[in-house]
Amino acid sequence: MIRVDNLTKAFGEKLAVNAISFSVERGEVLGFLGPNGAGKSTSMRMITGFIPPTAGSITVGGFDMVQNPIPAKRLIGYLPENAPAYTDMTVSGFLGFSAELRGLAGDAKKRAVHRAIEMCFLEGVIHQSIDTLSKGFRHRTCFAQSIIHDPDVLILDEPTDGLDPNQKHEVRTLIKRMGEKKAIIFSTHILEEVEAACSRAIIIDRGQIVANGTPQQLKHRSDISGAVILRVGGISGADLKQKLSQLPTVRKTVVVDEDKFRVQARVFPQTSAVDGELARSVGELAIREKFQIEELHTEEGRLDEVFRSITLPETVKEATK
Amino acid sequence: MNSVSHIKTIAKRELSGYFASPVAYVFIVIFLLLTGFFTFMAGGFFERGEASLVSFFLWHPWLYLFLVPAVGMRLWSEERRLGTMELLLTMPIAAWEAIVGKFLASWLFLALALVLTFPILITVNYLGHPDNGVIFAGYIGSLLLAGSYLAISCMTSALTRNQVVSFILSVVTCLFLILAGWPPVTRLLDQFSDSFPRLIEAIAAFSVMTHFEGFQRGVIDSRDLVFFLAVIFFSLFTTSVIIRSHRAG
Ligand SMILES: Nc1ncnc2c1ncn2[C@@H]1O[C@H](COP(=O)(O)OP(=O)(O)O)[C@@H](O)[C@H]1O
Ligand SMILES: [Mg+2]
C-alpha cells in the first residue's frame with residue numbers, strides 16, 4: 001500500500017531524513033521508533049503530501065504522492081503531531097467538515113461522523129467547542145478526523161501522546177484492530193507500544209533507518225537476549241559463579257543482586273541461539289547441587305535496551321558505562 | 001464541480017468561524033459607526049447640499065486600510081499557529097481551492113458589512129433624488145477595493161504565524177497602494193520630477209486611488225475592473241507560492 005524509496009529531506013544543509021526506504025502492506029502495523037528529532041514527523045509529512053521530498057519517491061496505493069497527490073491523499077487518514085484542530089469549532093462540526101472535504105455528503109456523512117464518534121469515545125463532547133476540550137479529548141477528536149472516511153492507509157504521528165494510561169490502552173487496541181484491514185504507520189517513543197500494537201518496527205536515528213524487523217527480532221538484538229536469570233538461596237555469589245563457570249554452555253555470569261539470603265545472577269550463553277539449551281543446563285546443575293531455586297527464566301531481550309544501544313551516540317554510550 | 005464543493009465547504013467553515021466569536025459583530029458595529037462618522041461628520045454629507053454618497057465612498061480607501069487587514073490577518077497565520085494547515089493541505093483538495101475558499105469567505109463577510117450600510121442609501125433617497133446608478137457603481141468599486149486589500153492581507157498572513165505582524169505588513173502594503181496615487185503625494189512627486197511625468201503616471205497607475213476614483217463618479221471602466229481583479233489574482237497567486245515554499249522548507 002505504501003512504498004517509500006530513498007526518501008530524503010534537507011532543510012538547508014541539514015538532512016532531516018536521509019534516504020530511507022521501506023514498504024507497508026495492508027494488514028501491517030509499522031511502528032516508527034526513534035529519539036526526538038530523528039526525522040519521524042518529517043517522514044510522515046512527506047508521506048502524507050504535506051511537504052515535498054528533496055529526493056526519493058512515495059507511492060500510496062499505486063499513486064505517486066508528488067505527481068498525483070489528490071488520489072493518493074484520498075486513501076490516507078492522517079493524525080499530525082500534537083493533534084491540531086480548529087479550536088473555534090464543535091467536535092461534530094469539525095468532523096462534519098473533515099467528512100465533507102473527504103467527499104462525503106448527506107446520509108453517508110452523518111453515518112461517517114457517527115461511526116468516528118463511537119470509535120473514539122467522543123459521545124460526551126459532540127457539541128462542545130474544541131478549545132474547551134481536555135487534551136485527551138482533543139487528541140481523540142483529531143484521531144476521529146483521520147478515520148472518518150475509513151481509509152486504507154493510516155498515518156499516525158504519536159497517537160498516544162498526552163493520553164492517560166487507560167486511553168493509551170484504548171488507542172493501542174484500536175490501532176491493532178484496524179491494522180488487520182489497513183496499512184498503518186504510527187510513530188512513538190514509547191517502546192511497550194511497539195510490542196503491544198506493531199507487526200513490524202523501524203528504528204530511525206538522525207534521519208536514517210538503523211533497524212527494521214518484528215518486535216521479536218529487534219528484541220533478540222539485545223545483549224541480554226538469551227541470557228538466563230537465576231535466583232537461588234543458600235549460596236554466595238562467588239560460589240555460584242564458580243559453579244556455573246564449569247558448564248560448557250555458559251560464557252560468563254554476572255551477579256545482579258546479592259544479600260545474605262539469596263543471590264540473583266544473569267548467565268550469558270556461549271552461543272547466540274535462544275533455544276532453552278542454557279536454561280536446561282543451568283536447571284540441571286541447580287538440581288544436582290541442590291540450590292534453593294526461586295526463579296529461573298530465559299530473557300527475551302528488552303526493546304528499550306536495543307533502542308538505547310542503537311540510537312545513543314558513541315560518546316554518550318561510553319560515558320554511561 | 002468538485003472544486004466548487006471543496007471551495008464551498010472551506011468557505012462555509014471560515015465564515016462560521018467568524019460568527020463563532022463576538023469579534024465579527026464587534027467588527028460590523030465598528031465598521032458602521034466609522035462609516036457613519038466619516039460620512040456625516042468628516043465628509044460633510046449635509047454641507048455638500050447634494051443627494052449623493054460622495055462623502056460616503058470618499059473615505060473607504062482609508063477606512064478599509066485598517067479594517068480589512070483586521071479581518072484578513074488571521075486567514076493563514078491562524079492555520080499555521082494552530083497547525084491545522086497540515087490537516088487542510090493533506091486533505092484530497094488542491095491548495096488553491098483552500099486559498100480561494102478562505103478568501104471568498106472573508107470577502108463575503110466584508111460584503112455583508114457593506115450591505116448593512118443600506119440605511120445611508122435610504123436616507124439619501126429620502127432626502128433627495130440621487131443617481132442610484134452612480135451609487136451602485138460606488139458600491140461595486142468599494143467591494144473590489146475591499147477585495148484587493150483582503151487579498152493582500154491573505155498574502156501577508158501566509159508569511160507569518162503572528163497575526164500582529166501579518167496585520168502590520170498588510171497595512172503597510174495597502175498604504176503604499178493608496179499613497180502612490182493620492183493627490184498630495186502625486187503633487188509632491190510632480191514638483192521633484194518635472195522631467196518624468198510618465199514615471200509619476202506609471203506609479204499612480206498602481207494606486208487603488210486612481211482606479212477607485214472612476215467608480216465614485218459612477219463610471220465602471222473595464223481598466224479599473226481589470227486592475228482590481230489583477231491585484232486580487234496576483235495576491236492570491238503569491239499566497240499559493242508562499243505556502244508552497246513554506247512547506248518545502
Ligand atoms: N521546517 C523545518 N525547518 C528546519 N528544520 C526542520 C523543520 N522541520 C523539522 N526540522 C528538523 O528536522 C529534524 C527532524 O525533525 P522531526 O521530523 O520533527 O523529528 P521527530 O518527529 O522524529 O522528533 C529535527 O532536527 C528538526 O529540527
Ligand atoms: Mg515528531
Side-chain angles (χ1 to χ4, degrees), chain A residues 9-12 14 16-17 41-42 44-54 63 65 68-90 93-94 96-105 109 129-131 138 142 145-146 148-149 151 155 157, chain B residues 1-25 71 74-102 105-106 109 161 163 240-249:
Chain A
K9 181 77 199 179
F11 291 112
K14 188 178 156 48
V17 176
S41 299
T42 306
M44 292 185 151
R45 289 189 177 126
M46 289 192 280
I47 295 170
T48 53
F50 179 58
I51 57 177
T54 308
F63 299 106
M65 183 51 85
N68 205 358
I70 305 273
K73 286 176 178 177
R74 219 168 263 144
L75 299 173
I76 301 178
Y78 179 36
L79 170 66
E81 197 172 20
N82 301 324
Y86 291 103
T87 47
D88 55 9
M89 297 182 97
T90 63
F94 176 63
F97 169 70
S98 311
E100 268 178 48
L101 283 186
R102 296 287 184 184
L104 297 167
K109 175 182 141 189
S129 164
I130 289 176
D131 57 3
R138 217 191 66 188
C142 196
Q145 163 278 134
S146 71
I148 194 106
H149 54 303
I155 313 282
D157 200 349
Chain B
M1 207 50 222
N2 231 340
S3 291
V4 174
S5 75
H6 292 158
I7 290 170
K8 242 166 69 184
T9 301
I10 286 168
K12 205 172 69 188
R13 194 214 76 74
E14 193 69 31
L15 204 57
S16 66
Y18 278 114
F19 290 101
S21 72
V23 177
Y25 304 96
V71 170
R74 63 192 279 279
L75 276 175
W76 286 99
S77 42
E78 185 76 352
E79 295 270 351
R80 281 183 61 175
R81 195 179 62 79
L82 290 175
T84 42
M85 188 154 141
E86 197 166 341
L87 280 181
L88 196 57
L89 298 180
T90 51
M91 288 286 176
I93 61 168
W96 70 265
E97 292 165 353
I99 293 170
V100 170
K102 287 169 82 71
S106 325
F109 175 71
R161 65 179 63 211
Q163 293 195 9
S240 78
V241 172
I242 292 170
I243 288 175
R244 196 177 322 136
S245 71
H246 164 67
R247 285 159 72 188

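Naming convention: chains lettered A, B, ... in sequence-line order (proteins, then strands); numbering from 1 in each chain. Fair warning: this is a prediction, and the values are worked out from it, not measured in the lab.
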Non-hydrogen atoms of [X] and [Y] that approach each other most closely:
{"X": "A/Q145", "Y": "B/L87", "value": "NE2-CD2, 3.4 Å"}
{"X": "A/D88", "Y": "B/A20", "value": "O-CB, 4.0 Å"}
{"X": "A/Y86", "Y": "B/L82", "value": "CA-CD1, 4.4 Å"}

Query - Spacing of CD1 belonging to B/I93 relative to CZ belonging to A/R74, to within rounding of 0.5 Å - result: 11.5 Å
Query raised in the report: When rounded to the nearest 0.5 angstrom, what is the spacing between OG in A/S41 and CD in B/E86?
Result: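 Going from the OG atom of A/S41 to the CD atom of B/E86 covers 8.0 Å.
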Query - Residue part contacting chain B, namely of A/S129, when any heavy atom lies under 4.5 Å - result: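 Neither part, no heavy atoms under 4.5 Å.
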Query raised in the report: A/T54 versus chain B, heavy atoms under 4.5 Å apart: side chain, backbone, both or neither?
Result: neither
**Report entry** Max heavy-atom pair count under 4.5 Å with chain B, selected residue of A/L101, A/L79, A/T87, A/N82
**Finding:**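 Heavy-atom pair counts peak at A/L101.
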Query - Under the side chain to side chain contact (heavy atoms under 4.5 Å, CB included) test, residues paired with A/P69 that sit two or more places apart - result: A/M65, A/K73
**Report entry** Interface residue of largest heavy-atom contact number with chain A, from B/T9, B/L89, B/I10, B/L88, under 4.5 Å
**Finding:** B/T9
Query - Contact leader toward chain A among B/K12, B/R247, B/R13, where contacts are heavy-atom pairs under 4.5 Å - result: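 Among the listed options, the one with the most contacts to chain A is B/R13.
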Query raised in the report: Tell me, which pairs form a salt bridge (charged side-chain N to carboxylate O under 4.0 Å, His left out) where one or both residues lie in residues 88-100 of chain B, sequence neighbours left out?
Result: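 The answer is none; no pair qualifies.
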**Report entry** Audit row: A/E100, B/S5, side chain to side chain contact (heavy atoms under 4.5 Å, CB included) steps and yes/no
**Finding:** CA-CA 9 Å; A/E100 268 178 48; B/S5 75; over 6 Å; no
